[in-house]
Structures are given as structure tokens and as C-alpha cells.
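Residue numbers start from 1 in every chain, and the chains themselves are labelled A, B, ... in the order their sequence lines are given, proteins ahead of strands.
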Amino acid sequence: MTLSFGFDLSLAVLTLAVAGYAIGARESFASVVAFISYGVLLALVWVRLSAVDVALTEAAIGSGVTGALLIGAAAKVGEGAVDAPRSVRGAGRLLTALFCIATTLGIATAFLSLPEKAPTLAPLAAEHLPSTGLGNPVTAVLLSYRAIDTLLESVVLVFAVVGVWTFASDRDWGGRPESPGKDRPEQPLTFLGQILPPLGILVGVHLVWTGATEPGGAFQGGTVLAAAWILVMAAGLRKPPSIEGAWLRFALIGGPALFLGVGVAGFALAKAFLAYPEGHSKAFILVIEAALTFSIAIALGLLALGAPGRKGHP
Amino acid sequence: MTLAIDAFTILCVCGGLFFFLTGAIALLRFPDTLTRLHALTKADSLGLGLIVLGLLPQCDGFLAAAKLILIWAIAQLGGATLSQLIARIAAIENSKP
Amino acid sequence: MNAVTLAGLAGAALIGMGLFGLVTHSHILRKIVAFNVIGSGVFLLFGAVARRGAASGLNADPVPQALVITGIVVAFSATALAVALLLRYFKEVGSPFLADDPGAGASQPDHERP
Amino acid sequence: MIASTLSQLSMRAEDALLPVAIALPVGAMLLALCLGGRWTERIAVAFMPIGVSIAGAVAYVVWRDQRPLVYFIGGWAPPLGVAIRADGVAAAMLLTSALIASAAGLFACDVFRVKPGEKENRAHLGFWTLLLAIWAALNCVFVGWDLFSIYVGLEMLTFAAVPLVCLKGQKETFVAAMRYLLFALLGSVLYLLGATLVYAAYGSLDIGILAQKIQPEAAAWIALGAMTAGLLAKTALFPLHIWLPPAHAGAAPPASAILSALVVKGSFFVVVRLWLTLAPVQMSEAPAELLAILGSVAIFAGSVLALRQERLKLMIAYSTVAQIGYLFLMFPLAIGQHPWASAAWSGGALQAISHAFAKAAMFLSAGLIVDVVGHDRLSGLRGLGRLAPQPVLIFALAGMSLMGLPPSGGFNAKWLLMSASVQSGHWALALVMAVGGLLTAAYLYRVIAPALAPAENAPAESASTPTPKASSRGAALSLALALAAILLGFAPPELASLLAVGAPAATIERIE
């Protein structure tokens with residue numbers, strides 16, 4: 001027992017150290033790089049907490065796509081003027097430090113004061129699992145017990161895309177987001193852009209398919225597909241899509257719209273909003289997951305590309 | 001028999017860790033980007049290769065072993081491309097006066 | 001002191017660290033990174049709670065885990081929005097720093113007729 | 001199996017109104033984004049009557065049955081599933097946000113237009129999709145009965161509100177939007193932290209179940225404290241208000257109206273849920289006093305800052321900071337089974353509703369004034385009454401409700417709160433309200449007095465250059481909102497009986 005606890009302890013200490021460096025690094029670029037490695041370490045911690053679904057999501061979205069986004073921003077924004085005030089100094093800094101330590105101690109005492117026999121919904125979730133036809137309880141919670149949260153979450157992604165697009169300037173509207181790749185990308189990047197994406201699509205679809213019984217699901221699969229799409233654009237093989245494209249808009253809202261449609265159909269077919277007809281719920285869930293995966297991949301890709309920047313360039 | 005397999009695993013994994021350790025030290029000690037890059041790619045390919053080799057007998061079934069080798073292959077692909085790109089940028093930086 | 005309590009305390013520590021970074025740094029990208037660290041701290045806390053709730057054959061409570069997955073996706077959308085706003089802010093203001101005194105009133109756009 | 005859970009509880013057909021109130025705006029928003037171009041405006045305008053009628057139907061059913069509407073999504077009963085619930089105040093807020101979002105939307109038809117040559121432009125698509133997004137988010141927050149679903153609703157609200165602030169694309173609005181986003185994100189992460197600890201201690205996120213289980217212990221105090229801190233940051237209660245004035249003043253008039261009247265009410269409503277529905281009485285007495293103190297400080301600080309402003313829209317934004325303070329005065333009065341608790345509860349709800357109508361009318365009329373005189377500097381408003389009579393009249397009517405002059409809705413709300421505070425012995429709160437009303441009158445006087453004064457410079461310049469007239473449609477809409485704020489003063493008893501449905505003073509009926 002002590003050996004595995006020793007591993008957990010060292011993993012936790014390492015994760016906290018890397019997070020500390022991400023917060024305290026001198027330059028912002030170093031802080032972003034440290035944040036990405038922190039995200040990967042955190043995925044390991046999630047595996048140790050026997051939450052493999054969450055580990056996949058943390059590695060894919062938490063450190064993968066977020067990391068790509070932050071590195072792009074760090075490169076564009078840079079460190080800022082050397083003489084500019086970097087951070088709060090003196091008394092304010094000390095006061096904030098004390099406040100944050102007090103917050104941490106408060107949360108720690110709250111956590112330690114929790115009842116010995118932890119209240120849990122696991123028995124209830126396991127008991128109703130057969131009726132959803134799914135093997136993976138997390139997917140059952142996401143798409144059946146608490147389906148409204150997942151529906152609203154996929155709608156939140158669409159809100160974010162609309163929000164990001166409205167930050168463009170008026171003359172750039174209708175144009176294409178700036179391509180992550182340079183105009184004449186290097187040879188090795190193009191090679192990677194041709195080799196890896198087919199494998200990425202295979203892994204993404206597999207992730208969604210096994211999500212019903214094993215760890216995986218629409219969000220993890222969608223992220224891998226989005227990563228493949230971003231790589232293709234970074235390798236200069238494809239130009240980013242124009243935001244006025246009807247197909248792009250339909251693909252972006254297709255997943256949430258289908259989910260909403262099935263939910264409303266639930267009134268008639270299964271006597272409740274977002275309920276699935278008896279015995280067919282697995283089929284409905286898989287159809288929804290497939291559509292969601294495609295829309296999530298498009299949404300994550302568009303969010304990583306950012307606001308449209310170039311109007312009408314060939 | 002299992003003893004021999006476990007010994008083999010421990011040996012390989014330790015070898016892999018050794019390469020990772022040397023790679024990390026080299027990263028801190030070497031003066032410029034190109035030499036650091038050289039050290040890192042060694043650590044990455046050899047270190048990871050040995051660890052994967054060591055874990056192969058421990059996997060239950062052929063599919064798990066194939067997945068491990070796939071992971072190693074993707075790591076090589078990524079590592080090779082990245083080091084090429086970084087080396088290009090380093091070369092351009094060095095060539096500037 | 002077992003692995004689950006360790007994860008909970010680590011989550012609490014991450015929240016404290018992230019809060020410190022969010023308040024003290026004036027470089028907006030550092031604030032966004034600090035916000036993500038706070039978010040991952042809260043999710044780690046939720047993960048520890050899930051692990052404590054292991055019962056009836058499941059080695060963790062699936063409800064908090066599903067909520068954490070939803071939380072990570074929402075946190076990513078927030079980061080994407082913040083980064084896009086930062087890039088436009090940088091193009092307009094020229095510096096990646098958020099001035100501490102909001103200069104209430106002074107920095108108001110003069111509503112000339114367009 | 002699902003049929004069995006349904007039959008245990010009396011799920012009536014009318015309960016289905018609640019999920020429809022969430023699903024329809026979301027669907028309309030997705031359709032509007034997909035079709036784009038002029039279609040976004042047509043879909044949004046077509047959705048307005050539907051949205052208002054659904055909110056009206058919910059309010060009618062809740063009033064008729066004198067029982068909150070409850071709906072279990074997916075047929076799963078809490079604690080496993082998610083329940084949504086609309087009591088009297090929630091139904092009233094649904095109807096208020098539907099009416100104000102429609103009025104602000106119709107006002108925006110003149111502000112955001114697709115120019116003849118182009119198929120689609122940024123601000124036009126942005127405004128209409130974000131308007132439907134805010135409408136959906138508000139419906140989610142008001143009917144939310146599960147802590148995590150409320151969290152997702154609050155995030156939807158933030159993601160839809162922040163881009164509205166900088167939709168016009170001016171430099172200062174991006175500074176304001178960035179500060180707003182950082183405050184809002186910190187707020188929602190603190191709220192999520194609290195929800196995590198509540199689930200850790202009591203194993204459920206459903207407010208009805210938690211209300212039976214929660215006790216004053218370490219985990220509960222820290223959880224509710226973190227959630228309240230986060231929500232106060234999003235509601236911009238003084239000292240956490242610095243992001244609000246630049247954001248609300250810099251936005252376009254219809255956007256400012258929606259932000260000030262509705263968006264801040266969303267997170268305020270969740271604070272009410274936490275301390276008056278979720279927390280037991282013995283736990284919420286001390287925090288309620290603290291919230292009232294913060295509210296009083298907000299009233300004074302907001303009013304003083306509003307008095308010192310040089311620009312009209314910033315003054316109105318600081319007035320929002322002050323009026324938010326009024327909302328928090330209801331907490332110590334509405335607690336427990338005291339006879340005055342239900343009066344305080346209705347008074348607080350009426351204050352939120354009348355402030356929403358009055359503030360929306362004020363921001364829209366300020367927009368009309370800027371259209372006429374071309375600037376919003378307070379010093380240059382002399383003789384405005386002659387140049388733009390209608391906007392000044394609307395501004396004055398809305399001001400009446402904000403000040404709490406009879407017969408306005410604001411007066412009705414303040415009267416209920418004052419009588420509750422006198423009965424309950426909270427003399428200080430009654431004094432704060434009275435002085436607050438005077439301060440509100442003071443900073444509004446700085447606008448109305450010069451406007452009605454005769455313009456001393458010869459009106460030569462107005463003769464030569466024909467001053468633009470305020471758009472008649474915009475004036476009619478803002479007048480309707482201002483009159484709504486006034487007519488709330490004559491509110492029929494039905495409104496009081498609607499607001500009383502599901503009030504905490506009434507016993508909490510068990511859900512499962």
C-alpha cells in the first residue's frame with residue numbers, strides 16, 4: 001500500500017510544482033508551456049483517481065486544445081513592454097498571498113470535515129444503468145440521467161464560437177480565420193499533416209464508439225478529430241473555412257440541434273423531454289453522440305482558429 | 001518463467017529511465033539549442049523504446065501490445081517532425097548576424 | 001491519509017495558487033492560465049469526491065465525473081472566448097496588460113454620432 | 001421503468017411548459033445562426049411573441065394552481081436526474097425578461113441593420129443570436145432547481161453577455177469586456193467550487209433535497225460562502241462592482257438595457273435561491289444581515305459615484321450599482337415564518353421587476369437622447385426638453401420608479417420592504433431606503449433639471465441644421481417599458497398572490 005501511495009504522493013508533488021511554475025514563471029510563454037505539461041500530469045492524476053473518461057478529456061481538451069490556443073496567443077501577444085508593471089507588488093501581493101492561503105486552508109478543512117461514509121449516487125446510477133442500454137455509467141449520466149447538462153454544454157460551445165466571431169473587425173466579416181500554418185509550411189510538417197490525420201480520425205471514431213461501454217465518448221472523440229483538422233490546416237494542406245459557409249454553419253449547429261430534436265421528440269415517444277423510448281435508448285444515444293462528435297470537432301476547431309481575420313484572400 | 005519476464009521488464013524499464021535521466025541532465029547542461037535537441041531526441045526514442053519493450057510481455061493480449069507499439073511509433077513521428085522544425089528555426093536564428 | 005485525501009488537498013492547493021496568479025498578474029494571458037489552474041483545482045476536488053463515493057461495483061461515483069467532463073468543456077469555451085477577446089484587446093490597446101485602475105469615466109467612448 | 005417514476009408524482013401537462021421554455025429559445029438561436037443574414041432578425045422577431053406567451057402561460061398556470069410547476073427532465077427524478085421548477089417569483093422573472101428582451105430587441109431593429117449591399121454583417125448577426133442566447137440562458141437560470149444546471153445556465157449567460165458589451169467595436173468597450181469576462185469567470189469558478197463541496201457533503205445537487213439535509217457545519221458554511229462570493233462578483237454588488245459601469249455604459253443602448261435590467265438579475269436570483277430557499281433559517285440569519293449591510297453600502301457608494309459622473313450612460317450604470325444594493329435589503333426581512341416575511345419577499349421581487357423595466361427604459365431613452373444631441377455629456381443637456389421631448393419624458397417616468405415616487409412600481413416595492421423592516425425592527429434598513437431614495441432623486445435631478453430649463457443659447461444652430469428626431473418606434477418601446485414600471489404601482493392583487501407562490505415563508509413541500 002505504501003508503494004502506490006508513494007507514487008501518488010510524488011505525482012501530486014510534481015503536479016503542484018509544475019502548476020506553481022506555470023503561475024510563477026517569469027515569461028508568459030514559459031508559463032503556457034508549463035501549463036501544457038501540467039495538464040498532461042493532471043491526466044495521470046485522473047487515471048490514479050480511476051476516472052479514465054476524465055483523464056481522456058483533461059489530456060485532450062484541458063491540456064491539448066487549450067494548450068494549442070494559449071501557445072498561439074502567447075506567440076502573438078508576447079511579453080509586453082519591459083517596463084510595464086508585471087504584477088502587483090509589495091503589500092498588495094502579501095495580502096493576496098495570505099488571502100489565497102486562507103482560501104486553500106478553508107477548502108482543505110471543508111474537505112477533511114466531510115462525513116466518513118461519503119454520500120454517493122453510484123448505487124442509483126448503477127441500478128438504472130441497464131435501462132439506458134449503456135455499459136459506461138459516465139456516458140449514461142452524460143446522455144441519459146443528466147442529458148440537459150450535456151445539451152446545454154454543446155450549446156455553450158456554439159455560443160463561444162459566436163462570441164469569438166463577433167470579436168472580428170467589421171471589414172473582416174465573412175473572411176477566413178487566420179491559418180495556423182505559414183504560407184509555405186516546412187516539408188516535415190506537411191508530411192506529418194498527411195500521415196497523422198487518418199490515424200487521428202480512426203482513433204476519434206473509435207473513442208466515440210467505445211464510449212458506450214468503455215471510457216470515451218463524444219467530447220473526447222470530437223477533440224481528437226478537431227486536433228486532426230487543426231494539424232491539416234497547420235500543415236498548409238487545407239485553408240481555414242470561410243465563416244459564411246452554409247455547410248460550416250449547419251455542421252456547427254447540427255449536433256446540438258439533433259440532440260434538441262430528439263429531446264423534444266421525447267415528449268411524444270417517451271412521455272418526457274430528453275427521455276428515450278423504452279429499449280431503444282442505446283440506438284438514440286449513439287445517433288446523438290455521432291452527430292455531437294462532428295459538431296464538437298467543428299466547434300473546437302473554429303474556437304482554436306479564432307476570429308475571422310482575412311477577408312476574401314484567394 | 002514469470003520471474004525471468006519480470007526481471008526482463010525491470011531491466012528494460014530501468015534502462016529506459018536511465019536514458020530519460022541523461023536526457024534531462026543534458027537538457028540543463030548543454031549550451032545551445034541544437035545539442036539540447038540532440039540529447040532530447042535520444043532520450044525520447046531510446047528511453048521510450050526500452051520502456052515499451054519492457055512492458056510488452058506484461059500486456060494481456062496482442063491488442064494491448066500493438067497499442068503500446070503504436071504509441072511508441074506516434075511518439076517517434078511527432079518527435080522527429082518537431083526536432084526538424086525546431087532545428088530549422090535554430091539554424092535561421094544562428095545564421096542571423 | 002490516502003490517495004483520495006491527497007488529491008483533495010492538491011485540488012485545494014491548486015485553487016489557492018491559481019487565485020494568487022489571477023489576482024497578482026496583470027498580463028492577461030497569465031490571468032487566463034491562472035483561471036485554468038483554478039478550474040482544474042476545482043475539478044480535481046470533484047474527482048476526489050467522486051472517488052470517495054465509490055460503491056456497488058463502480059470504483060467511483062459517475063455523476064461527479066460526468067459533471068467534471070462538462071466542466072472541462074465549459075472551461076475550454078471560456079478560455080477560447082478569453083483568448084479571442086485578448087487578441088482583439090491587444091490589437092486595439094497595444095499592450096497585453098490590464099490596467100489596474102479602471103479609470104472609471106475617463107476611458108469612456110465619446111458617443112459622437114456615427 | 002420511466003413510466004413508473006412519472007406516475008409516482010403528479011406530472012401534469014402544464015408542467016411541460018418549463019422544458020419548452022428552455023428548448024425553444026435554444027432552438028431559435030441555433031436556427032438563426034445557421035440561416036444567418038437577415039434571417040437572424042426575422043427568426044428572433046418571430047420568436048418574441050412565442051417566448052412572451054410561454055412565459056405568460058407559465059405565470060398563469062402557477063397563479064391559477066397556486067403551486068410551483070415542477071418537471072423532471074428525461075423522466076429521471078432527483079437526486080439522480082435534474083428537476084426544473086418555477087415558483088411565483090421565477091415565473092414573474094421569466095415574464096419580465098421575455099417582455100424586456102422583446103422590447104430591447106425591437107428597439108435594436110433601428111440600431112443593428114444589414115446594409116442593402118451586404119448579405120450579412122458582424123454586429124447584426126452577433127446581436128440577434130446573442131439576444132436569443134441571453135433569453136435561453138435567463139430561462140435556464142430562473143427555472144433552475146439543480147445547482148450544476150444553474151452553473152451551466154450562468155455560464156451561458158456570461159458567454160452571451162460579454163460579446164454584447166463590445167459589439168460596437170470601440171476600444172474602451174474591449175477593456176470593459178475583458179474586465180467583465182475575468183470577473184464573471186472567477187465568479188462562476190467560485191460558484192462551482194461551492195457546488196462541489198455541497199455535493200461532497202450531502203450527495204445531491206437538487207435544491208429541494210438539499211434544503212432538507214443541509215446543516216450549519218464547516219463544509220456547508222464554506223460551500224455557501226464560496227457560491228455567494230462568486231455570485232456577488234457576477235451581480236456586481238459593491239466592492240465587486242468595478243467591472244459593471246464601463247461595461248454597461250459602453251455597450252449599444254439595447255445591449256445596455258438587456259445587461260443592466262436582466263443579466264445582473266440572473267445571478268441575484270440564484271443568491272435568493274441559496275439563502276432563502278436552500279439554507280435553513282438558523283444558518284441564514286447572520287449572512288442575511290451581512291448581505292443587507294453590503295446592500296446598504298452599495299446604495300450609498302453607487303449613488304455618490306453616480307452623482308459625480310460627467311456622462312449620462314455612466315451615471316445610469318452607477319445607478320444600477322446602487323439599485324442592486326436595494327435588492328439585497330430583502331434578505332434579513334424575508335427569513336423565517338414571521339408575518340412580515342412574505343411582504344418582504346414580494347417587495348424584493350417587485351423591486352427586481354420594477355428596476356428591470358425602469359432601467360431598460362432609462363438606457364433606451366438615453367440612447368434616443370444620444371441620437372438627437374450626438375453626445376452623452378451631462379453638461380451639454382441644457383434645453384434638451386425642447387429638442388427631444390419624448391426621451392426626456394420617458395427618462396423622467398423611469399426615474400420616478402427608480403426614486404420610488406408613488407404611484408410607481410418602485411414605490412410599491414419600497415413600501416413593502418419598508419413596512420417589513422419597520423415591523424421586524426430593522427429600523428436602519430428603513431432609514432437606508434429613505435435616504436437612498438433621496439440620493440436617487442439627486443442624481444436624476446442633475447439630468448432632468450437642465451433638460452427642462454430653457455436653452456439660454458439662441459436656438460440658431462438648431463434652425464439651420466435640422467436636429468435628427470428620435471426614432472418614433474424606439475420612443476414608443478421605451479415609453480411602454482417606462483409605463484410598465486409605473487403601472488406595477490397599481491399591480492392587481494393577482495400579482496401579489498403569484499409572487500407568494502412557493503415563497504420560503506410558505507412551508508417547503510417535499511419534492512420526492
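In this structure, no portion of A:Leu11 lies under 4.5 Å from any heavy atom of chain C. Within the 4.5 angstrom heavy-atom criterion, no atom of A:Glu127 approaches chain C. Both the backbone and the side chain of C:Arg52 come within contact range of chain A, with heavy atoms under 4.5 Å apart. Using a 4.5 Å cut-off between heavy atoms, C:Leu29 touches chain A through its side chain atoms alone. With a 4.5 angstrom heavy-atom cutoff, A:Arg146 touches chain C only via side-chain atoms. Within the 4.5 angstrom heavy-atom criterion, atoms from both the backbone and the side chain of C:Val63 approach chain A. Contact of A:Tyr145 with chain C is not made at all, since no heavy-atom distance falls under 4.5 Å. For A:Ala74, the parts lying under 4.5 angstrom from a heavy atom of chain C are both the backbone and the side chain. For A:Ser169, the parts sitting under 4.5 Å from any heavy atom of chain C are the backbone and the side chain alike. Both the backbone and the side chain of A:Val65 come within less than 4.5 Å of a heavy atom in chain C. Proximity to chain C (any heavy atom under 4.5 Å) is shown, for A:Trp165, by neither the backbone nor the side chain. With a 4.5 angstrom heavy-atom cutoff, C:Thr79 touches chain A via backbone and side-chain atoms both. For chain A, the nearby part of C:Ala7 is the side chain; its heavy atoms alone come within less than 4.5 Å. With a threshold of 4.5 angstrom between heavy atoms, A:Tyr38 approaches chain C through side-chain atoms but not through N, CA, C or O. Using a 4.5 Å cut-off between heavy atoms, A:Ala125 contacts chain C through its side chain alone, with no backbone atom that close. For C:Ala75, no part sits under 4.5 Å from any heavy atom of chain A, backbone or side chain. For chain C, the nearby part of A:Thr103 is the side chain; its heavy atoms alone come within less than 4.5 Å. Interface remark: A:Leu42 contributes side-chain atoms only to the contact with chain C (heavy atom separation under 4.5 Å). Of the atoms belonging to C:Tyr89, not a single heavy atom falls under 4.5 Å from chain A. For A:Leu9, the parts lying under 4.5 angstrom from a heavy atom of chain C are both the backbone and the side chain. Using a 4.5 Å cut-off between heavy atoms, A:Val138 touches chain C through backbone and side chain atoms alike.
Looking only at heavy-atom pairs under 4.5 Å with chain A, the residue among C:Gly57, C:Pro62, C:Gly53, C:Ser56 that has the most is C:Pro62. With chain C as partner, the option from A:Leu157, A:Thr57, A:Leu142, A:Leu49 having the largest number of non-hydrogen pairs under 4.5 angstrom is A:Leu49. Contact tally against chain A (heavy-atom pairs below 4.5 Å) for C:Ala55, C:Ala34, C:Gly39: the top residue is C:Ala55. Taking C:Ala12, C:Gly47, C:Gly16 one by one and counting their heavy-atom pairs under 4.5 Å with chain A, the maximum is reached by C:Ala12. Across C:Leu9, C:Ile28, C:Leu44, the residue that shares the most heavy-atom pairs under 4.5 angstrom with chain A is C:Leu44. Between chain C and the residues A:Ala102, A:Gly92, A:Pro115, the most heavy-atom pairs under 4.5 angstrom are made by A:Pro115. In terms of heavy-atom pairs under 4.5 Å with chain C, the best-connected choice from A:Ala25, A:Ala110, A:Ser154, A:Gly24 is A:Ala25. When the candidates C:Asp61, C:Leu67, C:Leu22 are compared by the number of heavy-atom contacts under 4.5 Å with chain A, C:Asp61 comes out ahead. Between chain C and the options A:Val77, A:Val141, A:Leu124, the largest number of non-hydrogen pairs under 4.5 Å is found for A:Val77.
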Next on the checklist: Run A:Leu16 and C:Met17 through side chain to side chain contact (heavy atoms under 4.5 Å, CB included) and show every step you take.
Outcome noted: CA-CA 9 Å; A:Leu16 287 177; C:Met17 259 192 263; 3.7 Å; yes

Checklist entry - Would C:Gln65 and A:Trp46 satisfy side chain to side chain contact (heavy atoms under 4.5 Å, CB included), going step by step from the backbone distance to the final call? => result CA-CA 10 Å; C:Gln65 291 183 347; A:Trp46 280 111; 5.8 Å; no

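Using a 4.5 Å cut-off on side-chain heavy atoms (C-beta onward), A:Leu303 and C:Phe76 make contact. Between C:Phe20 and A:Ile101 there is no side-chain heavy-atom pair separated by less than 4.5 Å.
In this structure, CZ on A:Phe35 lies 4.0 Å from CG on C:Asn36, to the nearest 0.5 angstrom. Atom CG of residue A:Leu129 and atom CG of residue C:Leu58 lie 7.5 Å apart, to the nearest 0.5 angstrom. Here the CD1 atom belonging to A:Ile107 is positioned 4.0 Å from the CD1 atom belonging to C:Ile15, to the nearest 0.5 angstrom. Note that the OG1 atom of C:Thr24 and the CG atom of A:Leu94 stand 12.0 Å from one another [nearest 0.5 Å]. To the nearest 0.5 Å, atoms OG1 (A:Thr139) and CD1 (C:Ile69) are separated by 7.5 Å.
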Output a table of donor-acceptor pairs, distance under 3.5 Å, between side-chain atoms of residues 80-88 of chain C and any protein atom two or more places apart or on a different chain; print 'none' if there are none.
{"unit_1": "C:Arg88", "atom_1": "NE", "unit_2": "C:Glu92", "atom_2": "OE2", "d": "3.0"}
{"unit_1": "C:Arg88", "atom_1": "NH1", "unit_2": "A:Phe167", "atom_2": "O", "d": "2.9"}
{"unit_1": "C:Arg88", "atom_1": "NH1", "unit_2": "A:Ala168", "atom_2": "O", "d": "3.2"}
{"unit_1": "C:Arg88", "atom_1": "NH2", "unit_2": "C:Glu92", "atom_2": "OE2", "d": "2.9"}

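Distance alone, capped at 3.5 Å, places no donor-acceptor pair between the C:His27 side chain and the A:Glu27 backbone. When atom types are taken as modelled, the side chain of C:Arg51 and the backbone of A:Ala51 share no donor-acceptor pair closer than 3.5 angstrom.
Between A:Gly62 and C:Ile72, the shortest heavy-atom contact is N-CG2, 4.1 Å. For C:Val33 against A:Ser31, the heavy-atom pair with the smallest separation is CG1-OG, 3.8 Å.
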